[in-house]
Amino acid sequence: MPFQRKDLLGIRELEVHEIEHILELAFSLKEINSRSIKKVPTLRGKTVVHLFYEASTRTRTSFDIAAKRLSADTFSIGATTSSLTKGETFLDTVKNLEAMKPDIFIIRHSASGTPHRIAQRTPVAVINAGDGMHEHPSQALLDMMTIRQFKGRLDGLNVLLVGDIAHSRVARSNIWGLTKMGSRVTTCAPRTLLPPHLETLGVQVCPRMEEAIPHADVIMILRLQKERQEQKLLPSLREYAVQFGVNAQRLRRAKKDVLIMHPGPINRGVEVSPDVADGPHSVILEQVTNGVALRMALLYLLAQNQP
Amino acid sequence: MQQEGFASFLLRQARVLDPEHHRDETADILVSGGILKEVTPHLNIRETGLSNVQEIDLEGKWVAPGFVDMHVHLREPGEEYKETIESGTRAAVAGGYVAVACMPNTHPVNDSSAVTRFIVDRARERGSCHVFPVASITLGSRGKDLTEMGELQEAGAVALSDDGRPVMDSMTMRRALEYSRTYNLLVISHAEDLSLAANGVMNEGPTSTLLGLRGIPAAAEEVMIARDILLSQLTGAPVHIAHVSTEGSVSLIRNAKNLGIQVTGETAPHYFTLTDDAIMKFDTVFKVNPPIRRHRDVEAVKRGLADGTLDAIATDHAPHSSLEKDTEFEFAANGAIGLESALPLALGLVREGVLSPLEMVAKLSRNPARILGIPLGSLETGKPAHLTVIDPEAAYVLDAETFQSKSRNCPFHGWKVQGQVLMTVVDGRIAFTRLNL
């Protein structure tokens with residue numbers, strides 16, 4: 001079996017052949033989403049619980065659609081609707097849900113490592129849907145799927161990550177995944193938005209957009225949260241937009257077939273200008289489309305591995 | 001102290017390690033009526049004129065002046081579900097300690113003579129060993145108004161610290177050092193710049209970046225140590241640096257000592273044993289403050305112990321229940337229990353050649369006693385007997401489930417270790433023993 005894990009917690013621990021297998025399966029499942037009747041019986045009788053301790057629209061909807069297209073039953077527990085507000089710990093919540101015999105937990109949590117701690121304590125399969133600043137494996141996998149769709153490969157590509165690497169789980173998971181698959185990853189951001197010792201993750205740091213852009217086959221733009229200015233990590237969003245924003249003028253020096261990606265949600269006019277977000281190089285919405293197929297693949301694989 | 005009858009016993013042919021008297025030799029030790037009567041190469045029992053002397057053969061074992069832990073949290077008053085003075089001192093004697101200095105971050109904070117007296121009284125009633133309260137520097141450890149240090153001393157406080165929190169305001173720290181000097185009360189610095197620590201949850205380094213956890217840079221500790229060294233120089237008051245964890249901290253203290261500044265330092269077993277890679281599985285048992293650091297810091301702490309820069313090994317015994325520890329890593333409380341695992345880890349330094357047996361004993365008994373100004377840490381005939389008996393070779397697996405502490409947050413649980421406390425003698429009474437007597 002090429003993928004035998006109980007959980008999908010991060011990209012860091014995955015082997016190259018496991019990533020290959022997930023991507024291939026996702027490509028083959030993608031077709032279901034363009035049928036007129038978008039449902040297959042594969043996960044009939046399986047129960048998928050979304051446990052979201054942090055706000056999410058895209059990821060949660062994407063997982064939910066993926067589960068439903070595979071005919072699984074799905075339930076959602078959010079931080080505000082859970083007994084967390086009544087003082088119950090996450091572990092008690094998980095144990096109570098576990099007692100209802102679900103098959104897969106999809107967990108998002110603001111504290112890094114929480115899905116890992118839960119996975120150690122429950123026989124239910126756990127998918128990490130984003131933990132703190134740590135990992136967001138399904139996002140990185142759908143990003144790799146999208147790059148492969150347009151470029152035909154991951155090996156040997158130059159991928160430029162622009163923006164808030166320090167606080168980004170998407171960046172970390174993509175760095176693990178892309179470097180494993182043979183891409184070269186360069187980061188570009190003001191120093192306050194780069195985590196200390198970033199080089200130890202196997203990426204290059206280039207402080208100037210002008211130098212980084214001409215080499216890039218893919219430019220992955222990260223969301224800049226407004227609170228970074230309040231935290232004094234940036235003097236102003238305006239300067240950030242001027243220095244690091246991806247706009248049409250900067251892209252003139254880019255390769256003709258450069259891909260523009262963004263995990264969303266987008267701050268138009270801050271990290272990316274509208275003409276680029278909606279422009280010919282942008283594959284931002286294809287990322288979202290691929291997300292459903294990729295998550296169907298994950299649900300299918302983990303359900304299969306359940307005893 | 002619990003009252004029991006005094007016994008007379010003769011410890012036969014142990015290796016006696018007494019750094020105060022530069023003694024490292026095989027000898028017999030006679031304890032009678034609670035008093036250390038004799039330490040001599042060979043004692044003829046009939047010459048003592050005593051009857052009912054229990055003889056205990058300790059060949060191959062070590063006897064040291066009773067250990068003193070200058071940094072523990074006993075959690076009473078206020079958090080008795082984690083630890084009490086009773087359970088904490090039981091853990092202490094099981095770890096070879098005859099005295100502990102307990103930090104003031106209880107509920108309420110030990111910032112008044114009433115709380116200090118409560119601790120002293122409770123220890124007298126229920127304690128298995130001596131308890132020396134450390135009172136807070138500022139009211140509520142809030143870092144603003146100084147406590148009534150004279151009265152705290154009269155009530156039994158032996159030192160002052162806002163442990164768990166730094167005194168962030170430099171002027172307040174200056175005044176604390178000046179005022180405490182009036183009473184010769186030592187100020188113990190919890191060195192952490194809170195704005196640099198920035199709510200971090202582990203050491204800032206490659207591992208924190210990898211795990212996406214907020215990091216606490218070494219500089220957060222070092223900035224404050226540098227400040228407190230300068231304030232000690234300014235005021236002429238001694239300052240003791242608690243739980244030293246970084247390479248830079250060791251070097252700051254070393255330089256200050258070379259300049260003749262009255263600074264002393266302690267570290268804890270987790271800082272000379274563990275690196276932050278231990279956190280890779282988000283296990284909250286490894287969450288402590290200051291955080292466990294990198295390999296080079298561990299090595300620097302060992303060098304600091306070896307060259308005398310770091311005077312004492314304390315445990316920073318910090319009991320927490322599953323309520324504080326069985327949570328998300330970010331939300332878990334800082335702290336690890338240490339009283340019952342310190343000795344084998346300290347002996348590891350002896351086996352590695354970092355410390356001689358005599359130096360190890362000095363850092364566990366004489367030095368902390370001297371720093372706190374308490375009359376312990378040496379073998380004085382004619383004085384109450386305080387002894388720790390060690391089997392340096394015993395190999396076993398540390399099992400926190402068998403600990404006397406109420407809490408189980410031991411980062412070394414399951415470790416194969418070598419070296420065990422066999423017996424602890426407090427005021428001439430056997431307060432703990434693993435021997436079949």
Side-chain angles (χ1 to χ4, degrees), chain A residues 9-13 53-54 79 84 87-95 107-121 128 130-137 164-173 175-176 187 192 194-203 205 231-233, chain B residues 193-222 246-248 275-287 291 293-297 320-334 409 413-414:
Chain A
L9 299 173
I11 303 291
R12 189 174 57 84
E13 57 266 28
Y53 284 86
E54 191 187 67
L84 195 70
E88 192 179 52
T89 68
F90 77 92
L91 205 60
D92 283 325
T93 305
V94 164
K95 284 289 166 190
I107 300 174
R108 167 165 291 191
H109 202 294
S110 61
S112 301
T114 303
H116 306 66
R117 287 178 60 73
I118 291 172
Q120 289 160 14
R121 306 284 277 274
N128 178 5
D131 63 319
M133 306 182 289
H134 182 217
E135 285 239 33
H136 193 348
D164 187 0
I165 315 285
H167 302 88
S168 176
R169 53 194 172 214
V170 175
R172 281 176 178 74
S173 286
I175 288 169
W176 295 123
T187 60
T192 47
L194 296 177
H197 309 279
L198 178 60
E199 323 76 62
T200 58
L201 302 187
V203 304
V205 177
Q231 291 166 339
K232 316 269 188 253
L233 293 167
Chain B
D193 184 312
L194 290 176
S195 53
L196 275 176
N199 298 316
V201 297
M202 69 171 291
N203 178 54
E204 177 179 309
T207 310
S208 66
T209 289
L210 190 153
L211 295 177
L213 291 170
R214 287 189 308 273
I216 302 172
E221 176 173 322
E222 292 154 5
T246 78
E247 184 183 26
T275 64
D276 63 4
D277 296 330
I279 295 168
M280 288 299 286
K281 292 198 165 122
F282 297 95
D283 189 342
T284 60
V285 82
F286 298 108
K287 190 178 174 193
R293 308 277 187 181
R294 305 293 293 166
H295 179 70
R296 58 184 299 161
D297 298 300
H320 287 296
S321 79
S322 63
L323 292 175
E324 293 79 27
K325 283 294 193 181
D326 211 354
T327 72
E328 295 87 336
F329 191 89
E330 246 174 65
F331 307 147
N334 288 309
N409 53 314
H413 173 69

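Protein chains get the first letters and strands the later ones, always in sequence-line order, with residue 1 at the start of each.
- For residues 199-208 of chain B, the interface with chain A (any heavy-atom pair closer than 4.5 Å) comprises B:E204, B:G205, B:P206, sorted by residue number.
- Of all heavy-atom pairs spanning B:T327 and A:F90, the tightest one is C-CE2, 3.3 Å.
- Counting only heavy atoms from C-beta outward, the side chains of B:D326 and A:L91 approach each other to under 4.5 Å.
- Remark: B:L210 CG to A:R172 CZ distance equals 8.5 Å, nearest 0.5 Å.
- Annotation: the span from B:E330 atom CD to A:H109 atom NE2 amounts to 8.5 Å, rounded to 0.5 Å.
- Minimum interatomic distance between B:G212 and A:S112 (heavy atoms only, all atoms of both residues): O-OG, 2.6 Å.
- Atom NZ of B:K281 has 12 or fewer heavy atoms from other residues, nucleotides or ligands within 6.0 Å.
- In this structure, chain B has a heavy atom under 4.5 Å from the side chain of A:Q120, while its backbone stays farther away.
- Here the CZ atom belonging to B:F331 is positioned 7.0 Å from the OG1 atom belonging to A:T114, to the nearest 0.5 angstrom.
- In this structure, CZ on B:R294 lies 7.5 Å from NE2 on A:H197, to the nearest 0.5 angstrom.
- With a 4.5 Å cut-off on side-chain heavy atoms, B:L211 and A:H116 do not count as touching.
- Although no hydrogens or angles enter the test, the distance criterion places a donor-acceptor pair under 3.5 Å between the side chain of A:R117 and the main chain of B:F282.
- In this structure, B:T209 contributes its side chain and A:L198 its backbone to no donor-acceptor pair below 3.5 Å.
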